[in-house]
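Worksheet: the structure to be examined is printed underneath.
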Amino acid sequence: MNRVRIRYLYPSVLFLSAVYLLLLSTPQSAAEALGAPEEQADITVGCLYPMSGRAGVLGRDSVFGIRLALKYLEDHASPDSPRLRILLGDTKSKRSTAATLASRFIEDEGARFLCGVVNSSVAIEVTSIAKSAGAFFIGTDHASSRLTGEFFHDRYFRVTNDTRQSMTAGALFIKDYFADHLAKKPLRISYLGPDYEYGYQVWTDFREALARFGVNYEIAGVLWPRLSEPDYSHYINELIRQKPDLVVNSLWGGDFVAFVTQATDTQLFRTSRFANFEKGGDYEIFAQLGDKMPLGLLLASRHHNNWPDTEFNRWFVDEFQRKAGYYPSSGAQGAFTGIVAIAEAVKNAGANYKDLAAIEQAFEQLTLTTPEDPAGFQSSMDPDSHQIRQVMAIGETVPDERYPPAKVMLGNWHIYYPSELESGLTKTE
(Lines give C-alpha, C1' and ligand atoms only; values in the text may rest on other atoms or scores of the structure.)
Protein backbone atom coordinates (compact mmCIF):
# COMPACT_ATOMS: atom_id res chain seq x y z
CA MET A 1 0.00 0.00 0.00
CA ASN A 2 1.50 3.33 -1.03
CA ARG A 3 1.92 6.36 1.23
CA VAL A 4 -0.90 8.33 -0.39
CA ARG A 5 -3.34 5.48 0.20
CA ILE A 6 -2.22 5.12 3.82
CA ARG A 7 -2.63 8.85 4.43
CA TYR A 8 -6.14 8.71 2.95
CA LEU A 9 -7.20 5.74 5.06
CA TYR A 10 -5.54 6.85 8.31
CA PRO A 11 -8.35 9.13 9.58
CA SER A 12 -10.89 6.38 8.86
CA VAL A 13 -8.85 3.91 10.86
CA LEU A 14 -8.66 6.36 13.76
CA PHE A 15 -12.41 6.95 13.56
CA LEU A 16 -13.24 3.23 13.54
CA SER A 17 -10.89 2.64 16.45
CA ALA A 18 -12.61 5.41 18.42
CA VAL A 19 -16.04 3.95 17.68
CA TYR A 20 -14.84 0.46 18.67
CA LEU A 21 -13.44 1.73 21.96
CA LEU A 22 -16.63 3.69 22.54
CA LEU A 23 -18.75 0.58 22.03
CA LEU A 24 -16.62 -1.31 24.50
CA SER A 25 -17.00 1.36 27.13
CA THR A 26 -20.58 2.53 26.49
CA PRO A 27 -23.61 0.95 28.16
CA GLN A 28 -26.02 -0.78 25.75
CA SER A 29 -28.76 1.80 26.42
CA ALA A 30 -26.56 4.85 25.64
CA ALA A 31 -25.43 6.33 22.30
CA GLU A 32 -22.54 8.50 21.19
CA ALA A 33 -23.61 12.12 21.62
CA LEU A 34 -22.43 15.40 20.11
CA GLY A 35 -23.38 19.01 20.86
CA ALA A 36 -25.11 20.20 24.03
CA PRO A 37 -25.25 17.99 27.14
CA GLU A 38 -28.65 16.38 27.78
CA GLU A 39 -29.46 18.70 30.70
CA GLN A 40 -28.79 21.84 28.59
CA ALA A 41 -30.23 20.78 25.24
CA ASP A 42 -33.37 22.35 23.75
CA ILE A 43 -33.70 19.74 21.01
CA THR A 44 -32.50 16.12 20.78
CA VAL A 45 -31.84 14.71 17.30
CA GLY A 46 -31.24 11.00 16.66
CA CYS A 47 -29.09 10.50 13.53
CA LEU A 48 -28.99 7.16 11.73
CA TYR A 49 -26.20 6.21 9.31
CA PRO A 50 -24.37 3.06 8.17
CA MET A 51 -20.82 3.18 9.46
CA SER A 52 -19.61 -0.21 8.26
CA GLY A 53 -19.67 -2.21 5.01
CA ARG A 54 -19.60 -0.72 1.50
CA ALA A 55 -21.82 2.23 2.56
CA GLY A 56 -19.81 2.91 5.71
CA VAL A 57 -17.79 5.77 4.24
CA LEU A 58 -20.99 7.77 3.70
CA GLY A 59 -21.98 7.35 7.36
CA ARG A 60 -18.55 8.23 8.69
CA ASP A 61 -18.39 11.30 6.44
CA SER A 62 -21.87 12.28 7.63
CA VAL A 63 -20.62 12.32 11.23
CA PHE A 64 -17.83 14.70 10.22
CA GLY A 65 -20.48 16.77 8.42
CA ILE A 66 -22.52 16.95 11.62
CA ARG A 67 -19.46 18.07 13.59
CA LEU A 68 -18.86 20.83 11.01
CA ALA A 69 -22.50 21.90 11.26
CA LEU A 70 -22.27 22.22 15.04
CA LYS A 71 -19.11 24.31 14.64
CA TYR A 72 -20.80 26.46 11.97
CA LEU A 73 -23.85 27.01 14.21
CA GLU A 74 -21.65 27.86 17.19
CA ASP A 75 -19.75 30.46 15.14
CA HIS A 76 -22.98 32.02 13.82
CA ALA A 77 -25.15 31.59 16.94
CA SER A 78 -27.68 34.26 17.87
CA PRO A 79 -29.26 34.55 21.36
CA ASP A 80 -32.39 32.73 20.17
CA SER A 81 -30.52 29.79 18.59
CA PRO A 82 -31.56 26.37 19.95
CA ARG A 83 -29.00 24.13 21.63
CA LEU A 84 -28.85 20.79 19.83
CA ARG A 85 -27.96 17.40 21.27
CA ILE A 86 -27.08 14.93 18.49
CA LEU A 87 -27.18 11.16 19.06
CA LEU A 88 -25.46 8.87 16.54
CA GLY A 89 -26.48 5.34 15.63
CA ASP A 90 -24.98 2.79 13.19
CA THR A 91 -27.77 1.25 11.09
CA LYS A 92 -25.38 -1.23 9.43
CA SER A 93 -27.63 -0.66 6.36
CA LYS A 94 -30.24 -2.95 8.00
CA ARG A 95 -33.91 -2.03 8.41
CA SER A 96 -34.29 -3.92 11.68
CA THR A 97 -31.26 -2.22 13.26
CA ALA A 98 -32.43 1.21 12.10
CA ALA A 99 -35.93 0.58 13.44
CA THR A 100 -34.58 -0.42 16.86
CA LEU A 101 -32.33 2.66 17.03
CA ALA A 102 -35.09 5.05 15.88
CA SER A 103 -37.53 3.75 18.49
CA ARG A 104 -34.86 3.94 21.18
CA PHE A 105 -33.95 7.54 20.31
CA ILE A 106 -37.62 8.60 20.47
CA GLU A 107 -38.82 6.57 23.46
CA ASP A 108 -35.73 6.43 25.69
CA GLU A 109 -33.82 9.59 24.73
CA GLY A 110 -36.72 11.98 24.11
CA ALA A 111 -35.71 12.74 20.52
CA ARG A 112 -38.32 14.73 18.56
CA PHE A 113 -36.13 14.67 15.43
CA LEU A 114 -34.61 11.79 13.47
CA CYS A 115 -32.15 12.53 10.69
CA GLY A 116 -29.94 10.81 8.14
CA VAL A 117 -30.35 7.33 6.58
CA VAL A 118 -28.49 6.40 3.38
CA ASN A 119 -30.47 3.41 2.09
CA SER A 120 -33.94 4.21 0.70
CA SER A 121 -35.48 0.95 1.92
CA VAL A 122 -34.18 1.70 5.45
CA ALA A 123 -35.56 5.25 5.19
CA ILE A 124 -39.04 3.90 4.41
CA GLU A 125 -38.88 1.87 7.64
CA VAL A 126 -37.68 4.86 9.67
CA THR A 127 -40.26 7.29 8.27
CA SER A 128 -43.09 5.00 9.36
CA ILE A 129 -41.70 5.01 12.92
CA ALA A 130 -41.40 8.81 12.89
CA LYS A 131 -44.96 9.15 11.59
CA SER A 132 -46.37 6.87 14.29
CA ALA A 133 -44.52 8.78 17.03
CA GLY A 134 -45.31 12.27 15.67
CA ALA A 135 -41.59 12.92 15.31
CA PHE A 136 -39.77 14.80 12.54
CA PHE A 137 -37.60 12.85 10.09
CA ILE A 138 -35.09 14.97 8.17
CA GLY A 139 -33.74 13.02 5.18
CA THR A 140 -30.11 13.81 4.36
CA ASP A 141 -28.89 11.15 1.91
CA HIS A 142 -31.50 8.57 0.77
CA ALA A 143 -33.20 9.56 -2.47
CA SER A 144 -36.23 7.47 -3.39
CA SER A 145 -39.03 9.85 -4.45
CA ARG A 146 -41.54 7.50 -2.75
CA LEU A 147 -40.59 9.15 0.59
CA THR A 148 -42.31 12.35 -0.58
CA GLY A 149 -44.99 10.40 -2.47
CA GLU A 150 -46.86 7.39 -1.14
CA PHE A 151 -44.92 7.45 2.17
CA PHE A 152 -45.30 11.22 2.69
CA HIS A 153 -46.30 12.50 6.12
CA ASP A 154 -46.46 15.98 7.60
CA ARG A 155 -43.18 15.75 9.51
CA TYR A 156 -40.93 14.26 6.84
CA PHE A 157 -38.64 16.77 5.08
CA ARG A 158 -35.73 15.98 2.73
CA VAL A 159 -32.80 18.41 2.39
CA THR A 160 -30.93 16.77 -0.52
CA ASN A 161 -31.92 15.92 -4.11
CA ASP A 162 -34.23 12.97 -4.72
CA THR A 163 -34.34 10.48 -7.60
CA ARG A 164 -37.03 12.46 -9.42
CA GLN A 165 -34.88 15.62 -9.49
CA SER A 166 -31.68 13.86 -10.51
CA MET A 167 -33.29 11.77 -13.23
CA THR A 168 -35.19 14.80 -14.54
CA ALA A 169 -31.84 16.56 -14.84
CA GLY A 170 -30.55 13.43 -16.58
CA ALA A 171 -33.38 13.53 -19.11
CA LEU A 172 -32.74 17.22 -19.82
CA PHE A 173 -29.03 16.49 -20.19
CA ILE A 174 -29.71 13.69 -22.70
CA LYS A 175 -32.04 15.92 -24.70
CA ASP A 176 -29.25 18.52 -24.93
CA TYR A 177 -26.10 16.36 -25.14
CA PHE A 178 -27.48 13.90 -27.73
CA ALA A 179 -29.47 16.49 -29.70
CA ASP A 180 -27.75 15.69 -33.02
CA HIS A 181 -28.34 11.94 -32.58
CA LEU A 182 -31.98 12.44 -31.49
CA ALA A 183 -32.66 14.56 -34.56
CA LYS A 184 -31.95 11.49 -36.71
CA LYS A 185 -33.10 8.46 -34.69
CA PRO A 186 -34.09 7.23 -31.20
CA LEU A 187 -31.38 6.88 -28.56
CA ARG A 188 -30.89 3.23 -27.54
CA ILE A 189 -30.59 3.10 -23.75
CA SER A 190 -29.64 0.22 -21.42
CA TYR A 191 -30.33 0.57 -17.71
CA LEU A 192 -28.53 -1.21 -14.86
CA GLY A 193 -29.72 -0.55 -11.29
CA PRO A 194 -29.51 -2.24 -7.88
CA ASP A 195 -32.21 -4.85 -7.27
CA TYR A 196 -34.09 -3.02 -4.51
CA GLU A 197 -36.34 -0.02 -3.83
CA TYR A 198 -33.86 2.67 -4.90
CA GLY A 199 -32.93 1.08 -8.23
CA TYR A 200 -36.57 0.53 -9.20
CA GLN A 201 -37.54 4.13 -8.34
CA VAL A 202 -34.62 5.60 -10.32
CA TRP A 203 -35.79 3.64 -13.38
CA THR A 204 -39.42 4.78 -12.92
CA ASP A 205 -38.46 8.45 -12.44
CA PHE A 206 -36.06 8.33 -15.41
CA ARG A 207 -38.65 7.01 -17.87
CA GLU A 208 -41.26 9.49 -16.62
CA ALA A 209 -38.82 12.36 -17.18
CA LEU A 210 -37.85 11.15 -20.67
CA ALA A 211 -41.55 11.02 -21.57
CA ARG A 212 -42.25 14.42 -20.01
CA PHE A 213 -39.58 16.13 -22.11
CA GLY A 214 -40.35 14.22 -25.29
CA VAL A 215 -37.00 12.41 -25.60
CA ASN A 216 -37.10 9.83 -28.40
CA TYR A 217 -35.55 6.61 -27.04
CA GLU A 218 -35.62 2.81 -27.19
CA ILE A 219 -34.85 0.39 -24.37
CA ALA A 220 -31.99 -1.93 -25.33
CA GLY A 221 -32.12 -3.83 -22.03
CA VAL A 222 -32.66 -3.59 -18.25
CA LEU A 223 -30.45 -5.38 -15.70
CA TRP A 224 -30.83 -5.78 -11.91
CA PRO A 225 -27.68 -6.92 -10.05
CA ARG A 226 -28.11 -7.52 -6.33
CA LEU A 227 -26.72 -5.17 -3.67
CA SER A 228 -23.02 -5.81 -2.89
CA GLU A 229 -22.70 -7.96 -6.03
CA PRO A 230 -19.12 -9.30 -6.02
CA ASP A 231 -18.88 -10.11 -9.76
CA TYR A 232 -20.41 -7.86 -12.44
CA SER A 233 -18.83 -9.66 -15.41
CA HIS A 234 -22.12 -11.21 -16.55
CA TYR A 235 -23.84 -7.80 -16.53
CA ILE A 236 -20.93 -6.04 -18.25
CA ASN A 237 -20.85 -8.67 -21.02
CA GLU A 238 -24.61 -8.35 -21.46
CA LEU A 239 -24.35 -4.54 -21.78
CA ILE A 240 -21.61 -4.96 -24.42
CA ARG A 241 -23.82 -7.45 -26.29
CA GLN A 242 -26.81 -5.05 -26.24
CA LYS A 243 -24.71 -2.30 -27.94
CA PRO A 244 -26.73 0.67 -26.59
CA ASP A 245 -25.87 4.27 -27.44
CA LEU A 246 -26.00 5.06 -23.70
CA VAL A 247 -25.73 2.94 -20.53
CA VAL A 248 -27.52 4.53 -17.56
CA ASN A 249 -26.22 3.05 -14.31
CA SER A 250 -27.59 3.81 -10.82
CA LEU A 251 -25.18 1.81 -8.62
CA TRP A 252 -23.60 3.86 -5.82
CA GLY A 253 -20.77 3.75 -3.28
CA GLY A 254 -18.67 0.59 -3.20
CA ASP A 255 -20.95 -1.13 -5.72
CA PHE A 256 -20.25 1.56 -8.32
CA VAL A 257 -16.51 1.37 -7.60
CA ALA A 258 -16.57 -2.41 -8.08
CA PHE A 259 -18.55 -2.12 -11.34
CA VAL A 260 -16.26 0.53 -12.86
CA THR A 261 -13.14 -1.38 -11.77
CA GLN A 262 -14.35 -4.57 -13.43
CA ALA A 263 -15.61 -2.75 -16.57
CA THR A 264 -12.37 -0.82 -17.11
CA ASP A 265 -10.62 -3.86 -18.59
CA THR A 266 -13.45 -4.48 -21.07
CA GLN A 267 -14.62 -2.59 -24.17
CA LEU A 268 -17.80 -1.27 -22.44
CA PHE A 269 -16.65 2.35 -22.01
CA ARG A 270 -15.36 2.39 -25.62
CA THR A 271 -18.50 1.03 -27.27
CA SER A 272 -21.20 3.02 -25.39
CA ARG A 273 -21.43 6.33 -23.55
CA PHE A 274 -21.84 5.72 -19.83
CA ALA A 275 -23.87 7.82 -17.35
CA ASN A 276 -24.82 7.81 -13.68
CA PHE A 277 -27.02 10.82 -12.84
CA GLU A 278 -27.41 9.98 -9.13
CA LYS A 279 -24.25 9.15 -7.16
CA GLY A 280 -21.62 8.17 -9.74
CA GLY A 281 -19.93 11.57 -9.45
CA ASP A 282 -19.42 11.33 -5.70
CA TYR A 283 -15.89 12.23 -4.59
CA GLU A 284 -15.47 8.92 -2.73
CA ILE A 285 -15.66 7.18 -6.13
CA PHE A 286 -12.86 9.30 -7.56
CA ALA A 287 -10.77 8.91 -4.40
CA GLN A 288 -11.05 5.12 -4.36
CA LEU A 289 -10.42 4.63 -8.10
CA GLY A 290 -7.60 7.18 -8.46
CA ASP A 291 -5.94 6.90 -11.89
CA LYS A 292 -8.19 3.93 -12.74
CA MET A 293 -11.21 6.25 -13.09
CA PRO A 294 -12.05 6.46 -16.82
CA LEU A 295 -12.35 9.84 -18.54
CA GLY A 296 -15.48 10.90 -20.41
CA LEU A 297 -18.08 9.35 -18.07
CA LEU A 298 -21.24 11.47 -17.62
CA LEU A 299 -21.89 11.75 -13.88
CA ALA A 300 -23.63 13.71 -11.11
CA SER A 301 -23.89 13.66 -7.34
CA ARG A 302 -25.64 15.57 -4.53
CA HIS A 303 -22.56 17.66 -3.78
CA HIS A 304 -19.32 18.41 -5.60
CA ASN A 305 -16.03 19.49 -4.03
CA ASN A 306 -15.13 21.57 -7.12
CA TRP A 307 -18.58 23.05 -7.87
CA PRO A 308 -19.98 25.62 -7.21
CA ASP A 309 -16.92 27.83 -6.81
CA THR A 310 -18.35 29.82 -3.90
CA GLU A 311 -16.77 30.93 -0.65
CA PHE A 312 -19.20 28.73 1.35
CA ASN A 313 -18.41 25.56 -0.64
CA ARG A 314 -14.67 26.22 -0.45
CA TRP A 315 -14.99 26.71 3.34
CA PHE A 316 -16.97 23.47 3.71
CA VAL A 317 -14.58 21.36 1.61
CA ASP A 318 -11.39 22.85 3.10
CA GLU A 319 -12.63 22.68 6.71
CA PHE A 320 -13.72 19.06 6.26
CA GLN A 321 -10.32 18.18 4.79
CA ARG A 322 -8.54 19.99 7.63
CA LYS A 323 -10.45 18.10 10.32
CA ALA A 324 -10.84 14.68 8.66
CA GLY A 325 -7.56 14.52 6.74
CA TYR A 326 -9.30 13.77 3.44
CA TYR A 327 -11.94 15.35 1.20
CA PRO A 328 -15.69 14.79 1.76
CA SER A 329 -18.18 12.57 -0.03
CA SER A 330 -21.65 13.96 -0.72
CA GLY A 331 -23.07 12.41 2.45
CA ALA A 332 -21.11 14.92 4.54
CA GLN A 333 -22.79 17.91 2.90
CA GLY A 334 -26.22 16.30 3.31
CA ALA A 335 -25.70 15.74 7.03
CA PHE A 336 -24.28 19.25 7.44
CA THR A 337 -27.34 20.74 5.75
CA GLY A 338 -29.73 18.57 7.77
CA ILE A 339 -28.43 19.82 11.11
CA VAL A 340 -28.30 23.46 9.98
CA ALA A 341 -31.85 23.14 8.62
CA ILE A 342 -33.15 21.76 11.93
CA ALA A 343 -31.53 24.62 13.87
CA GLU A 344 -32.88 27.22 11.44
CA ALA A 345 -36.45 25.86 11.41
CA VAL A 346 -36.58 25.55 15.21
CA LYS A 347 -35.24 29.09 15.62
CA ASN A 348 -37.74 30.45 13.10
CA ALA A 349 -40.59 28.72 14.94
CA GLY A 350 -39.99 30.85 18.04
CA ALA A 351 -38.87 30.31 21.60
CA ASN A 352 -41.24 27.42 22.41
CA TYR A 353 -39.17 24.44 21.29
CA LYS A 354 -42.02 22.04 22.17
CA ASP A 355 -44.43 23.64 19.67
CA LEU A 356 -44.07 20.99 16.94
CA ALA A 357 -46.85 22.48 14.79
CA ALA A 358 -44.94 25.78 14.62
CA ILE A 359 -41.71 23.94 13.74
CA GLU A 360 -43.53 22.03 10.99
CA GLN A 361 -44.79 25.31 9.53
CA ALA A 362 -41.30 26.84 9.77
CA PHE A 363 -39.85 23.86 7.87
CA GLU A 364 -42.39 24.33 5.08
CA GLN A 365 -41.26 27.95 4.70
CA LEU A 366 -37.54 27.21 5.07
CA THR A 367 -34.92 28.87 2.89
CA LEU A 368 -31.20 28.59 3.54
CA THR A 369 -27.86 28.79 1.77
CA THR A 370 -26.01 25.46 1.51
CA PRO A 371 -22.52 24.58 0.21
CA GLU A 372 -24.05 23.21 -3.01
CA ASP A 373 -25.92 26.43 -3.88
CA PRO A 374 -24.37 28.49 -6.72
CA ALA A 375 -23.93 32.23 -6.27
CA GLY A 376 -27.23 34.11 -6.16
CA PHE A 377 -29.33 31.00 -5.41
CA GLN A 378 -30.80 29.75 -2.10
CA SER A 379 -32.20 26.29 -1.44
CA SER A 380 -35.86 26.32 -0.41
CA MET A 381 -38.37 23.77 0.85
CA ASP A 382 -41.34 22.90 -1.36
CA PRO A 383 -44.25 23.26 1.12
CA ASP A 384 -46.37 20.72 -0.78
CA SER A 385 -43.92 17.83 -1.21
CA HIS A 386 -41.47 18.66 1.64
CA GLN A 387 -38.65 18.12 -0.89
CA ILE A 388 -35.91 20.77 -0.99
CA ARG A 389 -35.57 22.61 -4.30
CA GLN A 390 -31.92 22.83 -5.45
CA VAL A 391 -29.75 23.26 -8.53
CA MET A 392 -28.55 20.08 -10.27
CA ALA A 393 -25.08 19.83 -11.85
CA ILE A 394 -24.03 17.09 -14.33
CA GLY A 395 -20.44 16.89 -15.52
CA GLU A 396 -17.92 14.77 -17.42
CA THR A 397 -14.88 13.10 -15.87
CA VAL A 398 -11.76 15.13 -16.75
CA PRO A 399 -8.15 15.09 -15.45
CA ASP A 400 -7.93 17.07 -12.17
CA GLU A 401 -5.44 16.37 -9.35
CA ARG A 402 -6.39 19.21 -6.98
CA TYR A 403 -8.17 16.82 -4.58
CA PRO A 404 -5.81 13.84 -4.00
CA PRO A 405 -5.88 10.89 -4.06
CA ALA A 406 -8.44 11.52 -6.85
CA LYS A 407 -6.89 11.93 -10.29
CA VAL A 408 -10.08 13.06 -12.05
CA MET A 409 -13.01 15.28 -11.11
CA LEU A 410 -16.07 16.46 -13.00
CA GLY A 411 -15.91 19.35 -15.49
CA ASN A 412 -17.72 20.56 -18.63
CA TRP A 413 -20.73 21.24 -16.41
CA HIS A 414 -24.39 21.29 -17.43
CA ILE A 415 -26.47 23.16 -14.81
CA TYR A 416 -30.24 22.86 -14.23
CA TYR A 417 -32.27 25.12 -11.96
CA PRO A 418 -35.52 24.06 -10.22
CA SER A 419 -37.65 26.06 -12.67
CA GLU A 420 -36.31 23.81 -15.50
CA LEU A 421 -36.65 20.59 -13.49
CA GLU A 422 -40.25 21.31 -12.55
CA SER A 423 -41.33 22.28 -16.05
CA GLY A 424 -44.44 20.31 -16.98
CA LEU A 425 -45.05 18.98 -13.46
CA THR A 426 -48.50 19.30 -11.92
CA LYS A 427 -49.44 19.20 -8.22
CA THR A 428 -50.78 15.67 -8.60
CA GLU A 429 -47.53 14.21 -10.04
Criterion side-chain contact (heavy atoms from CB on, under 4.5 Å) on S385 and D382, from CA distance to verdict: CA-CA 6 Å; S385 68; D382 181 340; 3.3 Å; yes
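- Under a 3.5 Å cut-off, the side chain of R164 and the backbone N or O of S145 do not form any donor-acceptor pair.
- Sorted by first and then second residue, the salt bridge (charged side-chain N to carboxylate O under 4.0 Å, His left out) pairs with a member in residues 251-270 read R54-D255; sequence neighbours excluded.
- How far CG of L268 is from OH of Y232: 13.5 Å, rounded to the nearest 0.5 Å.
- A distance-only check finds no donor-acceptor pair linking the side chain of E74 to the backbone of A69 [under 3.5 Å].
- Contact of the V45 side chain with the I43 side chain is registered, since non-hydrogen atoms from C-beta on lie closer than 4.5 Å.
- Between I106 and the options L114, T44, L101, a side-chain contact (heavy atoms from CB on, under 4.5 Å) holds for only L114.
- For H386 and F152, the gap between ring centers is short of 6.0 Å.
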Salt bridge (charged side-chain N to carboxylate O under 4.0 Å, His left out) assessment of R322 paired with D318: CA-CA 6 Å; R322 191 176 69 82; D318 292 345; over 6 Å; no
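- Residue T140 comes nearest to G116 through the heavy atom pair OG1-CA, 3.2 Å, listed as atom of the first residue, atom of the second, then distance.
- At a cut-off of 3.5 Å, with distance as the only test, a side-chain donor of S190 or Q242 sits close to an acceptor on the other residue.
- Every residue meeting the side chain to side chain donor-acceptor pair (under 3.5 Å) condition with Q390, not counting sequence neighbours, appears here in chain and number order: N161, S379.
- Ring geometry for W203 against F206 counts as tilted: the plane angle lies between 30° and 60°, on a 0 to 90° scale.
- The salt bridge (charged side-chain N to carboxylate O under 4.0 Å, His left out) contacts involving residues 368-380 comprise nothing, where partners must be two or more places apart or lie in separate chains.
- Here the options are I285, L410, L289, L298, the test is side-chain contact (heavy atoms from CB on, under 4.5 Å), and the partner is T397; only L410 passes.
- For T168 against L421, the heavy-atom pair with the smallest separation is CG2-O, 3.4 Å.
- Take D231 and apply the side chain to side chain donor-acceptor pair (under 3.5 Å) test, not counting sequence neighbours, and it matches S233.
- Partners of S144 under the side chain to side chain donor-acceptor pair (under 3.5 Å) rule, at least two apart in sequence or in another chain, are E197.
- Just one of Q165, Q333, E278 meets the side chain to side chain donor-acceptor pair (under 3.5 Å) condition when paired with R302; it is E278.
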Criterion salt bridge (charged side-chain N to carboxylate O under 4.0 Å, His left out) on E311 and R314, from CA distance to verdict: CA-CA 5 Å; E311 183 179 349; R314 287 194 297 273; 5.6 Å; no
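- In terms of modelled atom types and a separation under 3.5 Å, the side chain of T337 and the main chain of G334 share no donor-acceptor contact.
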Steps toward side-chain hydrogen bond (donor to acceptor under 3.5 Å, both in side chains) verdict (D61, S329): CA-CA 7 Å; D61 280 11; S329 66; 2.8 Å; yes
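- A donor-acceptor pair shorter than 3.5 Å can be found between the side chains of D205 and T163.
- When atom types are taken as modelled, the side chain of N313 and the backbone of P308 share a donor-acceptor pair closer than 3.5 angstrom.
- Interatomic distance, W252 CH2 to F256 CZ, rounded to the nearest 0.5 Å: 13.5 Å.
- Checked by atom type and distance alone, the side chain of R155 pairs as donor or acceptor with a backbone atom of G134 at under 3.5 Å.
- A distance-only check finds no donor-acceptor pair linking the side chain of T97 to the backbone of K92 [under 3.5 Å].
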K184 and D180: CA distance, side-chain angles, deciding distance, salt bridge (charged side-chain N to carboxylate O under 4.0 Å, His left out) verdict: CA-CA 7 Å; K184 302 172 185 172; D180 291 342; over 6 Å; no
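- A search for side chain to side chain contact (heavy atoms under 4.5 Å, CB included) contacts involving S93 returns P50, A55, N119, not counting sequence neighbours.
- Aromatic pair F316/H303: ring centres closer than 6.0 Å.
- Taking CD of E396 as the reference point, atom CG of L297 lies at 8.5 Å (rounded to 0.5 Å).
- The side chain to side chain contact (heavy atoms under 4.5 Å, CB included) search around P186 returns N216, E218, not counting sequence neighbours.
- P418 is linked by a side chain to side chain contact (heavy atoms under 4.5 Å, CB included) to F377, R389, V391, E422, counting only residues two or more places apart in sequence or in another chain.
- With sequence neighbours left out, Y49 forms a ring-ring contact (aromatic ring centres under 6.0 Å, His included) with no residue at all.
- For the pair N305 (side chain) and P328 (backbone), a donor-acceptor distance under 3.5 Å is present.
- Y191 and R207 form no side-chain donor-acceptor contact under 3.5 Å, judged by distance and modelled atom types alone.
- Residue pairs meeting the side-chain hydrogen bond (donor to acceptor under 3.5 Å, both in side chains) criterion with at least one member in residues 403-417, sequence neighbours excluded, are D176-H414.
- The aromatic ring centroids of Y200 and W224 lie less than 6.0 Å from each other.
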Worked verdict on D282 versus S330 for side-chain hydrogen bond (donor to acceptor under 3.5 Å, both in side chains): CA-CA 6 Å; D282 205 327; S330 64; 2.7 Å; yes
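- Between F363 and I342 the shortest side-chain heavy-atom distance falls below 4.5 Å.
- The structure places CD1 of I189 at 7.0 Å from OH of Y217, a figure rounded to the nearest 0.5 Å.
- Between the side chain of R273 and the main chain of G296, a donor-acceptor pair closer than 3.5 Å is present.
- Note: F259 and Y235 fail the aromatic proximity criterion, with ring centroids not under 6.0 Å apart.
- Here the straight-line distance linking atom OH of Y156 with atom CZ of F136 works out to 14.0 Å at 0.5 Å rounding.
- Under the side chain to side chain donor-acceptor pair (under 3.5 Å) criterion, N276 pairs with N249, sequence neighbours left out.
- Taking the ring centroids of Y327 and F320, they lie at or beyond the 6.0 Å cut-off.
- With sequence neighbours left out, A123 forms a side chain to side chain contact (heavy atoms under 4.5 Å, CB included) with V117, F137, H142, L147.
- Here CG of D309 is found 14.0 Å from NE2 of H304. Values are rounded to the nearest 0.5 Å.
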Step-by-step side-chain contact (heavy atoms from CB on, under 4.5 Å) determination, Y72 to F312: CA-CA 11 Å; Y72 176 81; F312 196 11; 3.8 Å; yes
